[in-house]
Amino acid sequence: MVKSLLLAASVILFGAAPAINPGSAAWQPSEPSATGVTGQGNPVKATAESQAKAKKLYNMDCALCHGESGDGKTDLAKDMQLTLSDLTDPKSLADQSDAVIFDVIRKGKDKMPPEEPARAKDDDIWNLVIYVRSLSKGGGAAAGSGSK
Ligand code: HEC
């Protein structure tokens with residue numbers, strides 16, 4: 001706890017450092033901050049643990065529409081007459097950035113409900129992004145076969 005507070009404090013300090021000399025023309029953003037959601041790249045790194053968690057979340061909150069495999073061929077999708085892309089097809093998400101997919105999951109889209117912050121923190125969503133991308137690679141990223 002104390003340790004994580006210290007870590008958070010140092011991240012804040014580190015993140016604020018460039019603001020100390022905002023007038024410096026030489027200053028350029030070098031690397032994205034460790035925790036910062038830059039709006040572009042995915043700030044989390046998939047681990048077996050994070051992907052196992054993402055898989056669980058996916059199976060609870062997403063699979064009812066998208067299917068465990070991600071192919072979107074579910075009864076609910078049929079009943080709701082949803083037009084779902086086949087997430088097992090690498091082409092489906094190929095031209096969408098992680099940030100765009102993050103937004104779809106966080107905010108929802110048309111008939112897709114938003115994933116509330118109470119259910120999934122930002123990091124959980126970023127891991128879901130990695131997870132849904134992994135569905136086109138045989139499923140489950142580091143979380144096993146996903147063939148269930
Ligand atoms: C009630 C059914 C439903 C649930 C639950 C649901 N989705 Fe969706 N999802 C949709 C629909 C419908 C779309 C298509 C939205 C559109 O583009 O009009 C969609 C689109 C998407 C897309 C974009 C696909 C593309 O080709 O653009 C992703 C990624 C996605 N969902 C992931 C998820 C994840 C992850 C969850 C769980 C947190 C989830 N969905 C939960 C119905 C659902």
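Both counts, for ligands and for their atoms, begin at 1 and track the order of listing.
Contacts with ligand 1 closer than 4.0 Å are made by no heavy atom of L57, backbone or side chain. Residue-level proximity to ligand 1 for P113 is carried by the side chain, the only part with a heavy atom below 4.0 angstrom.
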Requested in this report: For the pair T88 and S136, evaluate side chain to side chain contact (heavy atoms under 4.5 Å, CB included) and give the outcome as yes or no after the intermediate values.
Outcome: CA-CA 4 Å; T88 65; S136 66; 5.5 Å; no

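Residue-to-ligand polar distances place S85 within reach of ligand 1: an N/O pair is separated by less than 3.5 Å. The distance criterion of under 3.5 Å between nitrogen or oxygen atoms is not met by E115 with respect to ligand 1.
A salt bridge links D98 to R133: at least one charged side-chain nitrogen sits closer than 4.0 Å to a carboxylate oxygen. With respect to the salt-bridge test (charged N to carboxylate O, under 4.0 angstrom), the residues R106 and D122 qualify.
Residues L135 and Y58 form a side-chain contact, since some pair of their non-hydrogen atoms from C-beta on lies under 4.5 Å apart. Looking at heavy atoms from C-beta onward, I105 lies in side-chain contact with V129 at the 4.5 angstrom threshold.
For atom 33 (C) of ligand 1, the closest non-hydrogen atom on the protein side is M112 CE, 3.2 Å. When only non-hydrogen protein atoms are considered, atom 11 (C) of ligand 1 lies nearest to L84 CD2, 3.2 Å. The shortest contact between atom 29 (C) of ligand 1 and any protein heavy atom is with I101 CG2, 3.8 Å. The single protein non-hydrogen atom nearest to atom 14 (C) of ligand 1 is T83 O, 3.9 Å, given as residue, atom name and distance. Protein heavy atom nearest atom 37 (C) of ligand 1, with residue, atom name and distance: C62 SG, 1.8 Å. Protein heavy atom at the shortest distance from atom 16 (C) of ligand 1 is D110 OD2, 3.6 Å. In this structure, the protein non-hydrogen atom closest to atom 28 (C) of ligand 1 is V104 CG1, 4.2 Å. For atom 2 (C) of ligand 1, the nearest non-hydrogen atom of the protein is C65 SG, 1.8 Å.
Those atoms of ligand 1 that come under 4.0 Å of a heavy atom in D61, given as number and element, are 5 (C), 37 (C), 41 (C). Each of the atoms 25 (C), 26 (O), 27 (O) of ligand 1 lies under 4.0 Å from some heavy atom of Q96.
Residues L82 and I101 are members of separate hydrophobic clusters, defined by side-chain heavy-atom contacts under 4.5 angstrom among Ile, Leu, Val, Met, Phe, Trp and Tyr.
Annotation for D75: atom CG does not count as buried by contact number, only 12 or fewer foreign heavy atoms lying within 6.0 Å.
The structure places CD1 of I130 at 12.0 Å from CD1 of I125, a figure rounded to the nearest 0.5 Å. We find the SG-CG distance between C65 and D79 to be 10.0 Å, quoted to the nearest 0.5 Å.
Here H66 reaches atom 8 (Fe) of ligand 1: one of its N/O/S atoms is less than 2.8 Å from the metal.
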